[in-house]
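Input: a single structure, listed below in C-alpha cells.
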Amino acid sequence: MSRYMSARFDGLEAYVPGEQPQDMRYVKLNTNESPFPPSPEVRAAVNAAEAERLNRYPDPEGKVLRARLAEMYGVEPDNVFLANGSDELLFFAFLAFCDGERPVAFPSISYGFYPVYAQLLRLPYTEVPLREGFVLDPADYCGLGKNIVIANPNAPTGRAISTADIEEIVRSNPDHVVLIDEAYVDFGGESCLPLIHKYDNLLVCQTFSKFRSLAGGRLGFALAGGGLIAGLEKIRYSINSYNINRLTAAAALATLDSNGYYLENSKKIQASRAYAAAELDKLGFETLPSLANFIFTRCPRMEGGALYQALKAKGVLVRHWDRPEISDWLRVTIGTREQMDIFLDKVREILKEAG
Ligand SMILES: *Cc1c(COP(=O)(O)O)cnc(C)c1O
C-alpha cells in the first residue's frame, strides 16, 4: 500500500466482487446477473442520438425516471431516490443515517457490502447471527434500538421473510431506520413497499441489475417517505449530483416500457430454479428454499471450495466463500435452462470422477 494512503483505512478490508472474466469463456453463474440481454427497447434507446448528447450533463434530479418509477409503484416522485447501483444507494444510506449514536445491525450472513460500508465509515455495527438453517428470526430485530439492514430475500441464502414480519421490525424500532434491500424481490418474493405509507422509518431499496438485466448500467433506487429521501438527497448532492449518466437513464426508462419481457424472463428463471434444485436433490445435495435468482446449495460428499474449483476447471463459474460457517456451500446463479443443464452435467462428471 502507498505510504501516502491515509492511516484511517489501515484496518479496512475492501469488498471483493465476484470474478468478472472479460473473455466470456465461462458459463457465468457467479454474480446473480440476468442471463437474458436487455429488451430490444433498451437497445433502441441507447442510440446514437443519446450518445450525441453526452457533451451535456444529465438531469441531476432524474425527473423523468423518478416520475415513471413513482407512477409504477403508486408513490410520489418525492418518494423515489436514484443511485449509481444500489451499492451506492446503500453507501449513501449508511452515511446519512448511521453514526456513533446510531449504530447499525444486519444479519451475520448477508450481503458482503454491509460490513465493508460500516468499517469504511467507522460505524459501530452488530452482526446478528442467523438461526439454524440460515433462518432469519424477526424477533432478533424487534425493539433492537439500532438502525437495521436486511436483504429480503437474503443473499447468499435466498431465504425470505414475510411483509408482516418486516412490519413488526419497522413498527418496533420507531426511532431507527429499517432498510430492506429488495435486490431479489422480483423472482417470486413480496415487496414491503406498501408499508412506506405507514412508517416514515422504512427505506426500501431495489436495483435494475438483476430482474431488469441492467447490471452493466448501474442503477439502483430507493422508495421511502419524503423525510428519508430528502436525507439521501442531501448526501448525494454533497458527493455526486450527476450520479446517473444519460445512457443508463435512457436504458432504464426503456426497461419500464417492456415490463412484460422481464416478467417472462423472471418466470423462466423461477422454473429453472425449481428444475436445478430438483436435479441437485437427486444427486444428494442440500439446497435451501430460494425466492431469488440463485440457489444456495451444498454437496454432502465434497467440500465447497473443491467443488467450486472443479467446476471452474470445467468452465462453470459459481460463487464460494472461505468463511467457515458457509465454506461447504455454493451460491449458484440461475441462468438459462441450457446453462443449468451444463452446470448439472459438470456436477455429475465431477462426482463421478471423485468416485
Ligand atoms: C446485487 C446486490 C446489490 C447490488 O446491486 P447493484 O444495484 O448492482 O449495485 C445490493 N444488494 C444485494 C443484496 C445484492 O445482492
Side-chain angles (χ1 to χ4, degrees), residues 14-20 28-35 38 62 65 69 80-95 104 106-118 120 127 130 134 136 148-161 166 178-189 191-192 203-223 232 236 239-240 243-245 248-249 251-252 255 262 266 269 273 288 290-296 318-321 326 329-335:
Y15 178 73
V16 182
E19 294 158 274
Q20 303 293 358
K28 194 169 179 306
L29 306 176
N30 69 331
T31 51
N32 298 345
E33 295 140 314
S34 174
L65 189 50
L69 283 168
V80 183
F81 178 84
L82 304 176
N84 190 315
S86 50
D87 290 339
E88 184 186 67
L89 171 52
L90 291 166
F91 176 65
F92 287 171
F94 274 64
L95 186 54
V104 60
F106 37 80
S108 57
I109 295 171
S110 192
Y111 187 41
F113 248 124
Y114 305 153
V116 173
Y117 286 147
L120 175 64
E127 295 183 285
L130 292 175
F134 304 106
L136 189 153
I148 291 167
V149 178
I150 291 175
N152 194 45
N154 196 13
T157 66
R159 284 191 184 276
I161 58 172
I166 289 171
V178 178
L179 187 163
I180 303 297
D181 181 347
E182 294 189 337
Y184 300 106
V185 77
D186 300 292
F187 300 99
S191 176
C192 67
L203 184 66
V204 180
C205 298
Q206 295 193 10
T207 176
F208 280 62
S209 292
K210 280 106 189 195
F211 170 69
R212 292 189 184 275
S213 295
L214 221 57
R218 315 302 304 125
L219 186 72
F221 62 101
L223 302 162
L232 290 170
R236 187 176 68 89
I239 293 179
N240 181 8
N243 60 335
I244 311 301
N245 74 74
T248 293
T255 73
Y262 296 100
S266 174
I269 288 168
R273 178 177 73 199
L288 297 187
S290 169
L291 284 176
N293 67 341
F294 57 83
I295 47 177
F296 204 46
V318 300
R319 195 88 199 262
H320 173 257
W321 288 269
I326 54 172
W329 296 77
L330 296 180
R331 191 196 66 190
V332 183
T333 302
I334 304 301

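All ligand and atom numbering here is 1-based and tracks the order in the structure. None of the values given here were measured: they were computed from a predicted structure. Residue numbers run from 1 in the order of the sequence given.
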Pull out every atom of ligand 1 sitting under 4.0 Å from any heavy atom of [X], numbered as shown with elements.
X: Gly85; result: 7 (O), 9 (O)
X: Ser86; result: 3 (C), 4 (C), 5 (O), 6 (P), 7 (O), 9 (O), 10 (C)
X: Ser209; result: 6 (P), 7 (O), 8 (O)

Considering only the protein, which heavy-atom contact is closest to [atom], and what is its distance?
atom: atom 11 (N) of ligand 1; answer: Asp181 OD2, 2.6 Å
atom: atom 14 (C) of ligand 1; answer: Lys210 NZ, 3.0 Å
atom: atom 9 (O) of ligand 1; answer: Arg218 NH2, 2.8 Å

- Message: By the definition side-chain contact (heavy atoms from CB on, under 4.5 Å), identify the one residue from Leu179, Leu95, Val116 that meets it with Leu90.
- Response: Leu179
- Query: Of Asp181, Val104, Ile150, which is the lone residue that meets side-chain contact (heavy atoms from CB on, under 4.5 Å) with Tyr114?
  - Reply: Asp181
- Check: Tyr184 ring centroid to Phe294 ring centroid under 6.0 Å: yes
- Query: Does ligand 1 have any atom sitting under 4.0 Å from a heavy atom of Tyr184?
  - Reply: yes
- Query: Closer than 4.0 angstrom: is that true for some heavy atom of Ala183 and an atom of ligand 1?
  - Reply: yes
- Query: Nearest 0.5 Å, what's the CD1-OG distance between Ile334 and Ser266?
  - Reply: 11.5 Å
- Message: Return the OG to CZ distance between Ser290 and Arg331, rounded to the nearest 0.5 Å.
- Response: 10.5 Å
- How about Lys28 and Thr31: does a side-chain donor come under 3.5 Å of a side-chain acceptor? yes
- Message: Side chain or backbone, does Tyr114 bring an N or O within less than 3.5 Å of an N or O on ligand 1?
- Response: no
- For Thr207, is at least one N or O under 3.5 Å away from an N or O on ligand 1? yes
- Mutual orientation of the aromatic rings belonging to Tyr15 and Phe113 [parallel < 30°, tilted 30-60°, perpendicular > 60°]: parallel
